[in-house]
Amino acid sequence: MTRVLVVEDDPQLVRALVINMQARQYGVDAAPDGATALRLAAARQPDVVLLDLGLPDMDGTDVIKALRGWTKVPILVLSARQASDEKVAALNAGADDYITKPFSMDELLARLRAAVRRTEPVPLTPETTLVTTEDFTIDLLAKKAIRAGRDVRLTPTEWHLLEILVCNPGRLITQKHLLQEVWGASQSNKTNYLRVYMAQLRRKLEADPAHPRYLITEPGMGYRFES
Ligand code: CA
């Protein structure tokens, strides 16, 4: 059974979440504030945490930092629509993904399943080293991209960026994380680098680079690879 820790101070939302998740055989614990959440996370060892950022006793971002001191449990953040700075802060603190309120229960459950699946170890086999889309194939082992039967020439920087994204399908990777990984910590504010290199990757891989289908921009936050 997958155990979910729901951290949310809105009792109606908690009730709806608990009913829906229990109906799908999830084990659910609920915490109305940050202090209870940290205590329950340690006591119950959940498989995934669903975290509202606006809590009565502490900032949700501080809950993430406290959890990340000792656990890699996937954290899915619940966030209000307008608060994009808040989402970025949460992702940089170590959250895995966010979902914007109001959300549909189906969308939430799909994100939960994806977050849990990502923590399951994936053995290295030909299937897992090949990332295939309708338009191109990425061979992670050979470090090659193939489109319409031909090798696509990628620079080392383009490859590094692409590799991080395709190894995390469906997951929002923050600008800061990509810049730190590819260019180093001192360059973590150079978001223009990302715009340039993502445009190059789209030109090389996307059928319609102006309307990307695979290399998706989350404005102000980061990028996501949709396979
Ligand atoms: Ca709240």
Side-chain angles (χ1 to χ4, degrees), residues 1-119 168 170-177 188 191 216-224 226:
M1 181 195 277
T2 303
R3 297 213 67 86
V4 187
L5 173 59
V6 175
V7 188
E8 169 63 66
D9 59 330
D10 172 351
Q12 279 185 322
L13 181 53
V14 171
R15 210 173 110 75
L17 289 168
V18 169
I19 288 170
N20 273 281
M21 288 192 283
Q22 283 180 341
R24 288 162 180 86
Q25 319 303 324
Y26 285 95
V28 190
D29 294 302
D33 55 54
T36 310
L38 293 176
R39 193 159 41 75
L40 281 180
R44 309 283 285 170
Q45 302 282 326
D47 300 298
V48 58
V49 175
L50 199 56
L51 174 70
D52 175 36
L53 289 179
L55 296 171
D57 61 334
M58 59 198 280
D59 192 302
T61 310
D62 291 329
V63 175
I64 298 169
K65 288 178 189 158
L67 287 173
R68 282 293 171 258
W70 61 273
T71 175
K72 287 182 175 170
V73 63
I75 301 172
L76 185 56
V77 158
L78 303 173
S79 175
R81 186 167 293 283
Q82 306 305 338
S84 116
D85 287 355
E86 191 182 70
K87 289 175 201 162
V88 173
L91 292 164
N92 284 334
D96 293 83
D97 204 352
Y98 71 88
I99 187 161
T100 303
K101 292 181 182 177
F103 47 81
S104 77
M105 204 50 78
D106 285 346
E107 186 188 359
L108 176 79
L109 292 165
R111 294 290 189 88
L112 265 189
R113 279 193 299 273
V116 173
R117 208 182 309 125
R118 280 197 291 267
T119 63
N168 293 280
R171 181 172 181 184
L172 170 63
I173 311 291
T174 63
Q175 295 172 341
K176 186 176 171 192
H177 180 84
S188 64
T191 53
I216 309 297
T217 302
E218 296 272 354
M221 287 189 274
Y223 298 88
R224 202 190 279 275
E226 298 284 2

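Indexing begins at 1, ligand by ligand and atom by atom, following the structure's order. Residue numbers count from 1 along this sequence.
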Can you confirm whether [X] sits close enough to [Y] that some side-chain heavy atom of one is under 4.5 Å from a side-chain heavy atom of the other?
X     : Y      : value
Lys87 : Leu172 : no
Asp97 : Leu76  : yes
Asp47 : Tyr26  : no

Is [X] close enough to the Ca ion (ligand 1) that one of its N, O or S atoms comes in under 3.0 Å?
X     : result
Glu8  : no
Gly54 : yes
Asp9  : yes

*Taking just the N, O or S atoms of Asp52, which one is nearest to the Ca ion (ligand 1)?*
OD2
*Sole candidate of Arg117, Arg111, Arg68 that passes salt bridge (Lys or Arg N to Asp or Glu O under 4.0 Å) when paired with Asp96*: Arg68
